[in-house]
Amino acid sequence: MPELTEDATFRNEDWYGEELVDRHFVRCEFFDVDLTEAVSRGAAFDGCTFGNVRFNASRHTDSAFTRCAFKRCNLFETEFTGCKLVGSTFAECDLRPLTVAGGDWSFVALPGADLRGVRIADVRMREADLTGVNLTGATVTGVDLSAAQLHRARLSGADLRGSDLSALDPTAVERAGAIVDAAQAMVIAQALGFEIR
């Protein structure tokens, strides 16, 4: 059985290199906690708040951060593999460089986030709020962006191949040099009113 912690507050704690395996935190608050180089496997954080937490170079595998709030956190070189972040929000966080491989980030809120050069692959991001996000030079491949909010997103030079761009209004984003595949080009052309024959 996972070790369960509920309604706890952790403040100014040093969890450097901590191994969080099969731990379950519910409605917990983390303030000024150092999780640098921490590793989580099969851990779950549900409805938790992270304030000014350092996730630098941490690695998270098959873990869940559902309905969590991240504010002023540092995720420099953080990696998420097969993780679930459904309904979580990020505000004033340092998110680069960041690597996300697989998992479910649906309904995540990242408005205005600086995601230049990040790597996101094979992730479900349905209905994510990516309003005004800066994905310049990023790799966003095989990502389900259906019904995502992409208004004013900066996609210049981004590799978008294999991603669902059905929610993309090409006239409402910066797109110079963005890379798409042939199937995506048809979707974009149709969104611009072209008839493909």
Side-chain angles (χ1 to χ4, degrees), residues 1-6 8-111 113-130 133 135 138-145 148 163:
M1 288 290 292
E3 181 182 338
L4 177 63
T5 305
E6 295 182 273
T9 298
F10 303 92
R11 194 180 298 272
N12 297 311
E13 297 203 15
D14 183 0
W15 289 18
Y16 184 99
E18 190 83 13
E19 289 206 15
L20 302 167
V21 180
D22 296 328
R23 297 281 301 274
H24 193 175
F25 298 88
V26 178
R27 298 180 305 277
C28 292
E29 297 182 327
F30 300 82
F31 297 109
D32 298 294
V33 174
D34 187 359
L35 280 164
T36 301
E37 294 191 17
V39 175
S40 77
R41 282 189 305 278
F45 299 82
D46 185 18
C48 295
T49 298
F50 298 90
N52 200 32
V53 172
R54 292 179 294 287
F55 288 93
N56 307 35
S58 59
R59 306 285 180 266
H60 307 277
T61 305
D62 299 329
S63 295
F65 296 81
T66 50
R67 296 181 298 107
C68 291
F70 297 83
K71 186 160 187 181
R72 290 192 297 276
C73 293
N74 192 327
L75 287 87
F76 177 81
E77 288 194 344
T78 299
E79 291 183 8
F80 292 96
T81 304
C83 292
K84 183 177 180 179
L85 278 86
V86 174
S88 289
T89 62
F90 292 83
E92 301 173 60
C93 293
D94 186 349
L95 296 164
R96 47 187 297 263
L98 175 72
T99 301
V100 181
D104 191 347
W105 287 51
S106 297
F107 304 101
V108 161
L110 286 158
D114 183 357
L115 295 171
R116 287 172 296 159
V118 303
R119 303 182 65 83
I120 303 173
D122 306 315
V123 182
R124 181 179 294 160
M125 296 188 78
R126 292 180 182 172
E127 298 190 50
D129 182 359
L130 302 174
V133 73
L135 285 161
T139 299
V140 185
T141 53
V143 176
D144 182 355
L145 291 167
S163 293

List the atom of [X], the atom of [Y], and the distance in Å for their closest heavy-atom pair.
{"X": "Ala101", "Y": "Val123", "answer": "C-CG2, 4.3 Å"}
{"X": "Cys73", "Y": "Asn52", "answer": "SG-N, 4.0 Å"}
{"X": "Cys68", "Y": "Ser88", "answer": "N-OG, 2.9 Å"}
{"X": "Ser63", "Y": "Gly42", "answer": "OG-N, 3.4 Å"}

Q: Evaluate the side-chain contact (heavy atoms from CB on, under 4.5 Å) criterion for residues Ile120 and Met125: first the C-alpha distance (whole Å), next the side-chain angles of each, then the deciding distance (0.1 Å), finally the verdict.
A: CA-CA 10 Å; Ile120 303 173; Met125 296 188 78; 4.2 Å; yes

Q | Full working for side-chain contact (heavy atoms from CB on, under 4.5 Å) between Val118 and Val100 | A | CA-CA 8 Å; Val118 303; Val100 181; over 6 Å; no

Mind listing the side-chain donor-acceptor pairs of residues 76-85 below 3.5 Å, one per line with the distance, residues two or more places apart or on another chain?
{"from": "Thr78", "atom 1": "OG1", "to": "Phe55", "atom 2": "O", "distance (Å)": "2.9"}
{"from": "Thr78", "atom 1": "OG1", "to": "Leu75", "atom 2": "O", "distance (Å)": "3.0"}

With [X], which residues qualify under side-chain contact (heavy atoms from CB on, under 4.5 Å), at least two apart?
{"X": "Asp22", "answer": "none"}
{"X": "Phe10", "answer": "Thr5, Ala8, Glu13, Trp15, Phe25, Cys28, Phe30, Val33"}
{"X": "Ala113", "answer": "Leu95, Leu110, Leu115, Val133"}
{"X": "Glu92", "answer": "Lys71, Arg72"}

Q: Count the heavy atoms belonging to other residues, nucleotides or ligands that lie under 6.0 Å from CZ of Arg119, then report whether that count exceeds 12.
A: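 No - once you tally the heavy atoms of other residues, nucleotides and ligands closer than 6.0 Å, there are 12 at most.
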
Q.
To the nearest 0.5 Å, what is the distance between CG on Asp144 and CG on Asp122?
A.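 One finds 11.0 Å between CG of Asp144 and CG of Asp122.
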
For [X], check side-chain hydrogen bond (donor to acceptor under 3.5 Å, both in side chains) against everything at least two apart and list the hits.
{"X": "Asn74", "value": "none"}
{"X": "Arg124", "value": "none"}
{"X": "Asp46", "value": "Thr66, Arg67"}
{"X": "Ser58", "value": "His60"}

Q.
Under the salt bridge (charged side-chain N to carboxylate O under 4.0 Å, His left out) definition, can you give me all pairs with a residue in residues 25-39, not counting sequence neighbours?
A.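 Qualifying pairs: Glu6-Arg27, Asp7-Arg27, Asp34-Arg54.
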
All N/O donor-acceptor pairs, side-chain side in residues 102-109, below 3.5 Å, sequence neighbours left out:
{"from": "Asp104", "atom 1": "OD1", "to": "Ser106", "atom 2": "N", "distance (Å)": "2.9"}
{"from": "Asp104", "atom 1": "OD1", "to": "Ser106", "atom 2": "OG", "distance (Å)": "2.7"}
{"from": "Ser106", "atom 1": "OG", "to": "Arg126", "atom 2": "N", "distance (Å)": "3.4"}

Q: Could you tell me whether the side chain of Arg96 and the main chain of Asp94 form a donor-acceptor pair under 3.5 Å?
A: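 Pair absent, no side-chain N/O of Arg96 close to backbone of Asp94.
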
